[in-house]
Colleague: 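The structure is given below, and queries will be raised subsequently.
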Amino acid sequence: MAMPMRQSVRLGAYLMKQKIKRVDKFPLLVELEPLFACNLKCNGCGKIQQPAALLKQRMPVEQAVGAIMESGAPMVSIAGGEPLMHPQIEQIVQELLDRNKIVFLCTNAVLLPKHIHKFSPHKNFAWMVHIDGLRERHDASVSKDGVFDQAVAAIEQAKKLGFRVNTNTTFFDTDTPQDVIDVLDFLNDDLGVDNMQISPGYAYEKAPDQEHWLGVEQTRELFRKAFDGGRRKKWRLNHSPVFLDFLEGKVDLNCTAWAIPSYSLLGWQKPCYLLDDGYVSTYRELIDETDWDAFGRGKDERCANCMAHCGYEPSAVFATMGSLRESLRAATGS
Ligand code: SF4
Ligand code: SF4
C-alpha cells in the first residue's frame with residue numbers, strides 16, 4: 001500500500017502550484033534538526049559525533065519555524081539528535097501545524113512516555129519511531145538493551161491515545177530478506193503502526209561504524225527478495241510504488257536531493273543530509289549556490305552507493321505525478 005491519501009493530495013496540489021509558477025527546484029519535505037544531542041549512541045549515527053559545544057545547543061523556535069516558512073515546504077520531518085530533548089519541541093510542532101504543515105516527529109521513543117502529554121493528536125501530525133529490527137537486532141543497532149521493548153510500549157501508548165504512529169527502519173548489510181520481512185510483518189500486523197518507512201543504510205563520514213553499509217547491488221537484491229511474491233503490497237509503506245521499484249532495481253532514478261533538504265543548527269546543508277560540503281543560511285542560497293548536476297551516482301564518488309530516501313524519493317514522487325499510470329498505481333497501492 002502507498003503513502004496516505006491526505007499526504008498524496010497535499011503533495012499533488014503543491015506540485016501543481018510549482019508547475020504553474022514554473023519553479024523547477026523546490027522542497028517537498030525539510031529534515032529539520034533543532035539539536036544534535038541524543039540520549040542514545042547508535043552505531044550508525046552521524047549526528048552525535050558533533051563537538052560538545054554544538055551538542056549543547058538548541059535551535060530557537062522562531063529560527064526553526066522561520067527556516068521552514070522561507071523554504072515553503074509542505075512537510076517537515078523533525079529529527080536530531082533526539083527532538084524530545086529540546087525544551088520547546090512541542091512549540092515548534094504546534095507553530096508548524098498552525099501554519100498547515102504536515103509534521104513528522106522522529107524519535108527513538110525512549111523519552112516519549114515522559115513527554116507525550118505535551119502533544120495532541122492532529123490530522124497533520126505523526127510520530128516517526130526509529131525501529132531497526134526485532135528485539136535483538138534493534139537493541140544491537142542502538143547499542144543498548146531494552147530499547148526495543150521501550151519503543152514498542154511507547155508506540156502502543158501513543159496509538160491508544162489516538163496519535164498517528166509511523167516507523168522508520170534502516171537496513172544494513174547484516175540484514176537478510178527474512179529480517180526485512182519479519183520486522184515489517186511485526187510493525188504492520190502485530191503492532192499496527194499507521195505507516196512504515198524503510199531506508200538502505202548510507203555511510204555517513206562521521207558515523208563510527210563504517211563497515212556495514214549496503215552497496216547498490218546488495219540493496220536491490222535485499223529488497224527484491226524481501227518484496228518477492230507481491231509481499232510489499234500488504235505492508236503500509238510510506239513510499240510511492242516507484243521508490244519501491246527503485247529499491248528493487250526495477251527502475252533507476254536521478255538524485256533530486258534539493259527536494260528533501262536538511263536544515264540544522266549549522267544551517268542548510270550542502271548538498272544533502274548525507275554529505276557535508278558546507279552550510280548556507282537560506283534555502284534560496286542552497287538552491288542557487290549548489291552545483292546540483294555534480295551529484296548523484298556516477299557523478300560524485302561519495303554518491304556511488306546511495307539509494308537514500310532524501311535523494312531518490314522525490315525523484316519517484318515527480319515520476320509518479322508526471323504519469324497517469326503511476327498516479328493510479330500510487331492511489332491504489334499496486
Ligand atoms: S537515536 Fe537517532 S540521533 Fe540518537 S544516536 Fe540513534 S541514530 Fe543518532
Ligand atoms: S546521491 Fe545521495 S549522497 Fe549523493 S547527493 Fe544525492 S542524496 Fe546526497
Side-chain angles (χ1 to χ4, degrees), residues 25 27-29 31-50 54-55 77-86 104-112 127-133 138-144 147-148 150-151 154 167-170 172 199-209 213-216 219 243 246-247 252-262 264-265 268-278 286 290-316:
K25 289 190 178 62
L28 297 182
L29 175 146
E31 301 267 6
L32 174 66
E33 298 175 334
L35 78 173
F36 290 122
C38 188
N39 53 335
L40 292 179
K41 290 192 178 80
C42 303
N43 283 328
C45 184
K47 303 295 167 182
I48 53 174
Q49 312 304 319
Q50 300 286 0
L54 196 51
L55 290 175
S77 176
I78 307 176
E82 169 53 62
L84 292 176
M85 288 172 69
H86 191 297
F104 304 98
L105 185 49
C106 304
T107 175
N108 57 48
V110 172
L111 298 173
L112 208 150
W127 296 101
M128 177 75 80
V129 179
H130 167 192
I131 297 271
D132 274 352
H138 182 68
D139 286 353
S141 165
V142 299
S143 311
K144 191 170 180 196
V147 174
F148 176 83
Q150 286 178 287
T167 51
N168 186 15
T169 305
T170 303
F172 298 90
S199 322
Y202 174 89
Y204 291 93
E205 285 163 355
K206 290 195 174 73
D209 179 355
W213 309 100
L214 285 163
V216 169
T219 300
F243 184 70
F246 169 74
L247 289 182
D252 208 356
L253 298 166
N254 291 321
C255 169
T256 48
W258 42 264
I260 302 196
S262 169
S264 71
L265 287 164
W268 293 93
Q269 188 168 340
K270 292 171 70 176
C272 72
Y273 174 73
L274 301 166
L275 302 184
D276 200 343
D277 287 0
L286 176 73
T290 307
D291 178 8
W292 297 102
D293 292 337
F295 297 100
R297 273 183 281 117
K299 296 178 179 172
D300 184 310
E301 62 178 23
R302 296 169 300 170
C303 301
N305 287 327
C306 179
M307 295 182 77
H309 162 76
C310 64
Y312 296 95
E313 177 84 58
S315 324

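Atoms within a ligand are numbered from 1 in the order they appear, just like the ligands themselves.
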Colleague: Less than 4.0 angstrom from a charged side-chain N to a carboxylate O is my criterion; do R302 and D277 meet it?
Modeller: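 The answer is yes: the pair qualifies as a salt bridge.
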Colleague: Where do P314 and T256 come nearest, in terms of heavy atoms and distance?
Modeller: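 Nearest heavy atoms, P314 then T256: CB-OG1, 3.3 Å.
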Colleague: Against heavy atoms of C38, which atoms of ligand 1 measure under 4.0 Å?
Modeller: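 Near C38, the atoms of ligand 1 are 1 (S), 3 (S), 4 (Fe), 5 (S).
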Colleague: Check whether any side-chain heavy atom of S262 sits under 4.5 Å from a side-chain heavy atom of L274, and report yes or no.
Modeller: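 They are not in side-chain contact.
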Colleague: For the CG atom of D300 and the CG atom of D293, what is their distance to the nearest 0.5 Å?
Modeller: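 Nearest 0.5 Å value for the CG-CG distance: 13.0 Å.
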Colleague: So if I count the atoms of ligand 1 from 1 in the order they appear, which ones are less than 4.0 Å from some heavy atom of C45?
Modeller: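 Near C45, the atoms of ligand 1 are 3 (S), 5 (S), 7 (S), 8 (Fe).
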Colleague: Counting only heavy atoms not in K144, do more than 12 sit closer than 6.0 Å to its NZ atom?
Modeller: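 Atom NZ in K144 is not packed in, count stays at 12 or less.
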Colleague: Of all the heavy atoms in V142, does at least one lie under 4.0 Å from an atom in ligand 1?
Modeller: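 No, that is not the case, since the closest heavy atom of the residue is not under 4.0 Å from the ligand.
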Colleague: With a cut-off of 4.0 Å, which atoms of ligand 1 are near a heavy atom of N108?
Modeller: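 Listed by number with element, the hits are 1 (S).
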Colleague: So does R297 pair up with D252, basic N to acidic O under 4.0 Å?
Modeller: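 Yes, R297 and D252 are salt-bridged.
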Colleague: Under the rule for side chain to side chain donor-acceptor pair (under 3.5 Å), what residues qualify as partners of N168, not counting sequence neighbours?
Modeller: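 N168 satisfies side chain to side chain donor-acceptor pair (under 3.5 Å) with S199 once adjacent residues are dropped.
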Colleague: Please state whether the separation between atom 6 (Fe) of ligand 1 and some N/O/S atom of C42 is under 2.8 Å?
Modeller: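 Given the 2.8 Å cut-off, C42 counts as a ligand of atom 6 (Fe) of ligand 1.
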Colleague: With H130, which residues qualify under ring pair (Phe, Tyr, Trp, His ring centres under 6.0 Å), at least two apart?
Modeller: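 If we apply the ring pair (Phe, Tyr, Trp, His ring centres under 6.0 Å) test to H130, skipping adjacent residues, the hits are H138.
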Colleague: Taking only heavy atoms of G81, which atoms of ligand 1 are found under 4.0 Å from at least one of them?
Modeller: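 Near G81, the atoms of ligand 1 are 3 (S).
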Colleague: Among side-chain atoms of T107 and E82, is any donor-acceptor pair under 3.5 angstrom?
Modeller: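 A pair is found: one side chain offers a donor N or O, the other an acceptor, under 3.5 Å apart.
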Colleague: Which atoms of ligand 1 have any heavy atom of L40 under 4.0 Å away?
Modeller: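 By the 4.0 Å cutoff, the relevant atoms are 5 (S).
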Colleague: Can you tell me if Y312 has a non-hydrogen atom under 4.0 Å from ligand 2?
Modeller: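 In this structure, Y312 qualifies as a contact of ligand 2 - some heavy atom is under 4.0 Å.
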Colleague: Got a sec, which residues hit side chain to side chain donor-acceptor pair (under 3.5 Å) with E33, two or more places apart in sequence or on another chain?
Modeller: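 By the side chain to side chain donor-acceptor pair (under 3.5 Å) rule, E33 matches K47.
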Colleague: With a cut-off of 2.8 Å, how many protein N, O or S atoms neighbour atom 4 (Fe) of ligand 2?
Modeller: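 There are 1 of them.
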